Amino acid sequence: MSQSNQRAYNFNAGPSALPVEVLEKAQQELVNFHGTGMSIMEMSHRSSTFEEVHNEAISRLRKLFAIPDDYEVLFLQGGASLQFTMIPMNFLQLEKKASYVMTGVWSEKAYKEATLFGEPVQTASTKEDKYRNIPSLEEIDFGSDDAYVHLTSNNTIYGTQWSEFPDTGEVPLIADMSSDIMSKPIDISRFDLIYAGAQKNLGPSGVTVVIARRDFLAKANKEIPTILKYSTHVESNSLYNTPPTFGIYMLGEVLKWIEKQGGLAAIAKQNEEKAKLIYDVIDNSNGFYTGHASKESRSLMNITFRVADEELEKQFLTEAKDAGFVGLNGHRSVGGCRASTYNSVPLETCKALQDFMIAFQNKHK
Ligand SMILES: *Cc1c(COP(=O)(O)O)cnc(C)c1O
């Protein structure tokens, strides 16, 4: 019997839910991958079998995300957190500036690393407002000779998401898309570099996707350690050292699943529908539930909310846990509740949460 009916209602923020079809396929192929007599984890990353998996994942990502030909696609390690360091190490120079749009803890972490390499400047911070908002595009200040402007497209902890991106003209734009990459179609050509840990929307942890314009990469500093140069990974097709082979295989399988869903337009529609189920409960609750993010800045990936009072909130989380819901506790820096509704979280899981929230309110109001 399929184990899919024993699956939790998984709202984990990351690592997070994967499509059950993908897990079951991986299980089937695990012990003997395509007749090789071994798993994908047990073979050389230089073997033709692995190379095919690797190259297919890259080409599928290019196609699904409509990545223009003058961009490189890299699979790196070290998570989005290593990108916080690699970006200024490669592109920021002593006494040069870069502008960081501050929309949450992840922006703060990215900014902090940049201070080690040059003179980053914070712009359009919404910290005063507990990061409830995405700043308006007019608030974003940057210099025409900035090395780049950096932003976080979806703020996993606060539950806010950019719906339109600033036009930075000649100044390169970089985005941390860890928690909303490939959740909807976007115009890649607006960006010079995009990065994302795979473990929210694309697969298991261990793989970091970097998409970067070739002529931007050419500007990188030369005198830095080999493994931290983007060019090293470009020149070796992300096979400079042993890559996370199983993670790349899983990423490829998740991309096949996205393709089967009808691509990113279809995924975006599903994501809107899923988030709406939960936001509707919050908005129709007469203040029993309140959202953390202001309405205009709401994320379709991370829905942050509070329950009427602290006692009830505790009870909500306890009863939710007993009812089979996982991952609903808010991040320790915000508290409250958070439902992460990434690509692979099924509509039925969101429907179940909707029903649970309505029933809980009816019982306790
Ligand atoms: C999770 C997350 C990170 C951290 O990713 P790691 O892969 O753990 O380094 C960075 N930025 C955002 C927006 C995230 O959601």
Side-chain angles (χ1 to χ4, degrees), residues 10-18 74-89 100-114 120 122 124-127 131-135 148-163 165 173-184 186 191 193-211 227-228 233 238 243-244 246-248 250-251 254 271 275 292-293 297-304 327 329-334 338-345:
N10 185 350
F11 289 100
N12 278 327
S16 43
L18 289 166
L74 303 175
F75 293 154
L76 305 184
Q77 299 183 68
S81 300
L82 183 59
Q83 294 308 303
F84 297 164
T85 310
M86 267 177 80
I87 288 163
M89 188 181 247
Y100 278 73
V101 187
M102 307 303 287
T103 54
V105 163
W106 296 118
S107 318
E108 289 174 10
K109 291 196 168 162
Y111 167 81
K112 180 165 171 265
E113 293 307 293
Q122 299 194 6
S125 174
T126 54
K127 186 170 189 165
Y131 292 128
R132 286 174 207 279
N133 289 295
I134 294 297
Y148 55 83
V149 175
H150 178 280
L151 61 81
T152 316
S153 61
N154 182 76
N155 298 281
T156 326
I157 294 174
Y158 305 91
T160 62
Q161 185 175 24
W162 294 70
S163 50
F165 296 106
L173 182 60
I174 296 183
D176 175 0
M177 294 196 182
S178 290
S179 51
D180 69 348
I181 189 167
M182 296 183 85
S183 65
K184 59 184 177 187
I186 59 162
F191 300 89
L193 190 149
I194 290 168
Y195 63 99
Q199 69 271 21
K200 279 129 187 174
N201 259 326
L202 294 182
S205 61
V207 191
T208 311
V209 174
V210 172
I211 300 163
I227 196 164
L228 298 175
H233 302 287
S238 301
F246 187 72
I248 290 169
M250 287 294 286
L251 170 71
V254 171
N271 285 334
H292 176 80
S297 300
R298 278 177 170 173
S299 167
L300 297 184
M301 300 280 99
N302 309 97
I303 301 169
T304 47
N329 287 69
H331 188 271
R332 58 193 183 277
S333 62
V334 186
R338 169 175 57 175
S340 298
T341 54
Y342 300 125
N343 286 354
S344 307
V345 175

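Keep in mind that what you see is a predicted model, and the values were worked out from it rather than measured. Index from 1, following the sequence. Counting starts at 1 for both ligands and their atoms, in listed order. What you see below is based on every heavy atom in this structure, not just the backbone, and it leaves out hydrogens, waters and symmetry mates.
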Is the Y111-F84 ring centre distance short of 6.0 angstrom?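 Not close enough - the centres of the two rings lie 6.0 Å or further apart.
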Got the closest protein heavy atom to [atom], with its distance?
{"atom": "atom 14 (C) of ligand 1", "result": "K200 NZ, 2.9 Å"}
{"atom": "atom 15 (O) of ligand 1", "result": "T156 OG1, 2.4 Å"}
{"atom": "atom 11 (N) of ligand 1", "result": "D176 OD2, 2.6 Å"}
{"atom": "atom 9 (O) of ligand 1", "result": "S81 OG, 2.6 Å"}
{"atom": "atom 5 (O) of ligand 1", "result": "A80 CB, 3.5 Å"}

Working to the nearest 0.5 angstrom, can you tell me the gap between [X] [atom1] and [Y] [atom2]?
{"X": "Q122", "Y": "E108", "atom1": "CD", "atom2": "CD", "answer": "7.5 Å"}
{"X": "S299", "Y": "H292", "atom1": "OG", "atom2": "NE2", "answer": "12.0 Å"}
{"X": "D176", "Y": "S153", "atom1": "CG", "atom2": "OG", "answer": "6.5 Å"}
{"X": "K127", "Y": "N133", "atom1": "NZ", "atom2": "CG", "answer": "15.5 Å"}
{"X": "L18", "Y": "Y342", "atom1": "CG", "atom2": "OH", "answer": "12.0 Å"}

Please state whether N154 comes within less than 4.0 angstrom of ligand 1, counting heavy atoms only.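 N154 counts as a contact of ligand 1 under the 4.0 Å cut-off.
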Heavy-atom contact under 4.0 Å between Q199 and ligand 1?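 Within the 4.0 Å threshold, so yes.
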Do any N/O atoms on G78 end up under 3.5 angstrom from N/O atoms on ligand 1?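 No, since none of the N or O atoms of G78 sits under 3.5 Å from an N or O of ligand 1.
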State, without any angle test, whether N154 and N302 hold a side-chain donor-acceptor pair at a distance under 3.5 Å.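 Yes, N302 and N154 have a side-chain donor paired with an acceptor closer than 3.5 Å.
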Measure [X] to ligand 1 on non-hydrogen atoms and call it side chain, backbone, both or neither using the 4.0 Å cut-off.
{"X": "F84", "result": "side chain"}
{"X": "T152", "result": "side chain"}
{"X": "K109", "result": "neither"}

Could you list the atoms of ligand 1 found under 4.0 angstrom from a heavy atom of G79? 7 (O), 9 (O)
Please say whether the positively charged group of K200, taken as NZ for Lys or CZ for Arg, lies over the ring of W106, i.e. under 6.0 angstrom from the six-membered ring centre and within 45 degrees of the axis. yes
